[in-house]
Amino acid sequence: MQCTLLRSKFFNCIVALNHCFNPFNAVICSAVVNSTQIEITRKLIQRFHASLSSNHHDKQPQLLGFIDNLKDERTLQNLHGRVIKSGSIVDLNVGNYVLSLYAKFKDLGSAQKLFDEMSERNVRTWTVLVSGFARIGLFRVGLDYYARMLGEGVCPNGFTLSSVFKCCSSIGLVHNGKAIHGWILKNGIDLDAVLRNSIIDFYVKSKEFDYANKLFEFTDDVDTVSCNIMISANIQSGDVKSSLALFRRLTTKDVATWNTVISGMMKNGFERTALELLYEMVKEQACFNEFTYTIALTLVSSLSILELGSQLHARLIRLRLCDNEYIRSSLIDVYSKCGLIDKASIVFKQIPPRKQSSNINGEKLMSDTVSLSSMISGYSQNGRFKEALEMFCHMVSEGIGVDKYILTTIVSVCADYGLLSFGEQIHGLVHKIGHKFDIVFCSSLVDMYSKCGCLENALIVFDKTTTRNTILWTAIINGNAFHGFGREAVRLFQLMIDDDDIQPNEVTFVAVLTACSHAGLVDEGRNYFTVMKEKYNINPGIEHFTCMVDLFGRAGYLDEIKNFIYENNLSHISSVWRAFLSSCRLHKNYDLGKWVSEKLLQLEPLDAEPYVLLSNMCATSNRWEESAKVRSLMQKKGVRKHPGQSWIQLNNQVHSFVIGDRSHPQEADIYSYLDNLIGRLKEIGYSTTLEQVTQDVEEEQQEMFLRYHSEKLAVVYGIINTNSVTPIRVMKNLRVCTDCHNFLKFTSQLLGREIIVRDIRRFHYFKNGVCSCGDYW
DNA sequence: TTAGGGTTAG
């Protein structure tokens, strides 16, 4: 019934369309066809157009009106082609109209073609091109047209100049914008509201807030748009208070006012205030637009409020707004940051087949690069490095342009995954394609080189980065801490504060406390913990408390830890007990370890670590029965140990191993070499360290548990596939065990090989039988 | 006039 009604309504529209050019019909027609019969309507419009005789040129503007309403680019192209073919152009107004529609449809390639065909041009013709290119982000091309326009003696109008100001502010041509403003004043050109607001906006975006303020103050007819720009100006200059005050004073708020203030609060770190304002907006029944939804989703993502994100998603599906690129990428981000990467992937896969816009002046414009970037980053945030890398490689092989966001994410994937050679290639690629090395990318590079074992390269990148911030400094401090250079990390921390006058943040203190802990600098660590609270007003978080426990524990101050935990009300924080337990193991304090594991198990009954550490400690003290009891309890509760995994990158491939792994194509060579190597190592003093074997079994059998640990397999794979001077770099997802540590020391001595192992805590450099950690890890 | 993706710890 509904369908018949719709069809009859549709039929009437078409009849009306065929008989007259009443725009009212076009609106009805557009409303119906938007959701149902757009293809048929398009054909009818084309047929209708074809039936027009050449003396119907006066009808062309009306036809263009239909096309405009229907957003029908194909018919526009058809009309354009037909007119060219018939040789009957196009009066200037029709030409300008078609041109503006191309610009509206963001098809600037066709616009340029038509522009070249036009025998007559006026200021509007030029302005469509200037503003069209500004709208799609090709600001330099827009300015080129502006320069050509001036060269041909055409005088710009307010619309042209508005676009020119947008181009100038977008590519940082502050002087040029100021010069044009001077020219306007000198020539007494009328500043209507649109042009005036464009100039204020230009000054705001160029961070010339004084100029913006002056122009705003001298404005008699202050409108909502200029107030919105000033709210944004205050927010950008960090004056949140003034922007909120102006917002509250404004009686006629539009959707942009709300959007500006909500996104401004969010960008300044006041997410909760932003959320309250969003609810206030709903309460006041202000209408959302696509910008509001994007801002709301970004807010949801930064606060990880999955439920609100899902509600917004449902509404966006109902409103058919999910095809908006901003909304889609924000949705992907919401699901990624809330840990639902598969849901993010579903949203990503709903992108229609890749649209590639015309190739303009050698620049390929790709749609939805940001969604791709969000997806890569989502995979990375959710630990799915392989998928992130695959997606990146796919982009490169398809010739899809990568930008600084994607490159930074990929470098950070290389850091987490320990892929030095891949990370180096990205570094080289950025050099080659001439991307600017911004500070975010550099921080990511410093971190990558540190985490891949190349602290020298991290230092080179750090030294070359002249403008430094807290994150860059923290990355290099942390790199030194991770490599065991605690004193150097502390020295850098002092340099950062004293010489560079950069404020440390909470992460910097985690790095410096870790450095103190690994270097045994107990007094310095205590001092920094106090300084953090008293001088920098940073309240210690879980990470800082855990670092302090680790600091005391490594230094053997086990009794002090107990007091520290209770004095600071930390008994509910499992990471603190975990660090305590590790210290008990390190100092072989079985009784205290048992007590600590019980505490930890009360908090984390499903965490494998306390069971494993406790059972290891029992085994070390030959309390096999107790050790077995712990293991059996673990099994009964269904707790599974996180599997140990080691990997090595050779020739652009990652080779992963687990304990006793037989899946590698070279497994026969690996095992035979390893067995032979262990025999040779025993001749120079290596013996199996049994303290980490947790089973009550015969000694020979115990040794077998250790013999094929994943790091041994990965290192042997490296030895047999590289020349004798290449350092072997292996990554491990757990802490390296005592036996493997011994094995690696003896191997480095026997074979004269440099072996670098990154475990979950730090780097170990094995050379000539010695490890850089000093057997303290 | 208002919108999206990237870096340091865990």
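Proteins come first, then strands; the chains are lettered A, B, ... in the order of their sequence lines, and each starts at number 1.
- Here dT8(B) is the nucleotide among dT8(B), dG6(B), dT1(B) with the atom lying nearest to any side-chain atom of Ala475(A).
- Annotation: cation-pi geometry not satisfied between Lys166(A) and Phe139(A) (NZ/CZ under 6.0 angstrom from ring centroid, within 45° of ring axis).
- A straight line from CG of Asp333(A) to C1' of dG4(B) spans 8 Å, rounded to a whole angstrom.
- Using a 4.0 Å heavy-atom criterion, one finds that Asn289(A) contacts the bases of the nucleic acid, with or without backbone contacts as well.
- Between Met281(A) atom CE and dA3(B) atom P the separation is 13 Å, expressed in whole Å.
- Residue Lys451(A) places at least one side-chain N or O under 4.0 Å from the OP1 or OP2 atom of dA9(B).
- In this structure, the nucleotide among dG4(B), dG10(B), dG6(B) sitting nearest to the side chain of Glu543(A) is dG10(B).
- The side chain of Thr408(A) has dT7(B) as its nearest neighbour among dA9(B), dG5(B), dT7(B).
- The phosphate of dA9(B) (OP1 or OP2) has a side-chain N or O of Asn478(A) nearer than 4.0 angstrom.
- A salt bridge links Arg196(A) with Asp223(A): the closest approach of a Lys/Arg side-chain nitrogen to an acidic carboxylate oxygen falls below 4.0 angstrom.
- OP1 and OP2 of dG4(B) both lie 4.0 Å or more from every side-chain N or O belonging to Thr294(A).
- In this entry the distance linking CG of Leu389(A) with P of dG6(B) reads 17 Å, nearest Å.
- You'll find that the side chain of Val440(A) is closest to dG6(B), out of dG6(B), dA9(B), dG4(B).
- Aromatic ring orientation, Phe580(A) versus Trp577(A): parallel (interplanar angle below 30°, classes split at 30° and 60°).
- Under a 4.0 Å N-O distance rule, the pair Arg328(A)/Glu325(A) does not qualify as a salt bridge.
- Near DNA chain B, meaning a heavy atom under 4.0 Å away, the residues from residues 502-510 of chain A are Asn505(A), Val507(A), Val510(A).
- Note on Ser374(A): only backbone sugar-phosphate atoms sit closer than 4.0 angstrom, heavy atoms only; bases stay farther off.
- Atoms CG (Asn382(A)) and P (dG5(B)) sit 16 Å apart, rounded to a whole Å.
- Closest to the side chain of Ser444(A), out of dA3(B), dT7(B), dG5(B), is dT7(B).
- Contact of Thr409(A) with dG6(B) (side chain to base): no donor-acceptor pair of N or O atoms is detected under 3.5 Å.
- Within the structure, every side-chain polar atom (N or O) of Lys337(A) is placed at least 4.0 Å from both OP1 and OP2 of dG4(B).
- In the set dG4(B), dT1(B), dT8(B), dT8(B) carries the atom at the smallest distance from any side-chain atom of Ile471(A).
- Ring planes of Tyr203(A) and Tyr211(A): parallel class, angle under 30° (limits at 30 and 60°).
- OP1 or OP2 of dA3(B) sits under 4.0 Å from a side-chain N or O of Lys267(A).
- No engagement by Asn197(A) is indicated, since no non-hydrogen atom pair under 4.0 Å with the nucleic acid exists.
- Using a 4.5 Å cut-off on side-chain heavy atoms (C-beta onward), Phe509(A) and Val512(A) make contact.
- A donor and an acceptor atom never sit less than 3.5 Å apart when one is taken from the side chain of Ser330(A) and the other from the base of dG4(B).
- Leu215(A) places its CG atom 14 Å from the P atom of dT1(B), with the value rounded to the nearest Å.
- Considering only heavy atoms from C-beta on, Val461(A) comes within 4.5 Å of His427(A) through its side chain.
- Taking only side-chain nitrogens and oxygens, Gln381(A) never comes nearer than 4.0 Å to OP1 or OP2 of dG5(B).
- Taking only side-chain atoms of Ser373(A), from C-beta outward, the nucleotide of dG5(B), dA3(B), dT8(B) with the closest atom is dG5(B).
- Checked by distance alone, Asp403(A) brings no side-chain donor or acceptor within 3.5 Å of a matching partner on the base of dG6(B).
- Of the listed nucleotides (dA9(B), dT1(B), dG4(B)), dG4(B) has the atom at the smallest distance from the side chain of Tyr326(A).
- Distances from the side chain of Asn228(A) to the nucleotides dG5(B), dA9(B), dT1(B) place dT1(B) closest.
- The side chain of Ser443(A) lies closest to dT7(B), out of dG6(B), dT7(B), dG5(B).
- The ring of Tyr405(A) does not lie on top of the base of dG6(B); it is either too far (5.5 Å or more) or too tilted (30° or more).
- For dG4(B), the base has no donor-acceptor partner in the side chain of Asn324(A) [N/O atoms by modelled type, under 3.5 angstrom].
- If you take CD1 of Ile327(A) and P of dG4(B), they are 12 Å apart, rounded to a whole angstrom.
- Between the C1' atom of dG6(B) and the CD1 atom of Ile410(A) lies a distance of 11 Å, rounded to the nearest Å.
- Taking the six-membered ring where the residue is Trp, Phe422(A) and Phe392(A) present perpendicular rings, their angle passing 60° and hence far from 30°.
- Between Asp342(A) and Arg384(A), at least one side-chain N (NZ, or NE/NH1/NH2) sits under 4.0 Å from a carboxylate O, which counts as a salt bridge.
- Atom SG of Cys227(A) is separated from atom CZ of Phe216(A) by 4.0 Å, given to the nearest 0.5 angstrom.
- Protein atom NZ of Lys253(A) is 16 Å distant from nucleotide atom C1' of dT1(B), rounded to whole Å.
- The residue Ser377(A) sits close only to the backbone: its heavy atoms come under 4.0 Å of sugar-phosphate atoms, none of a base.
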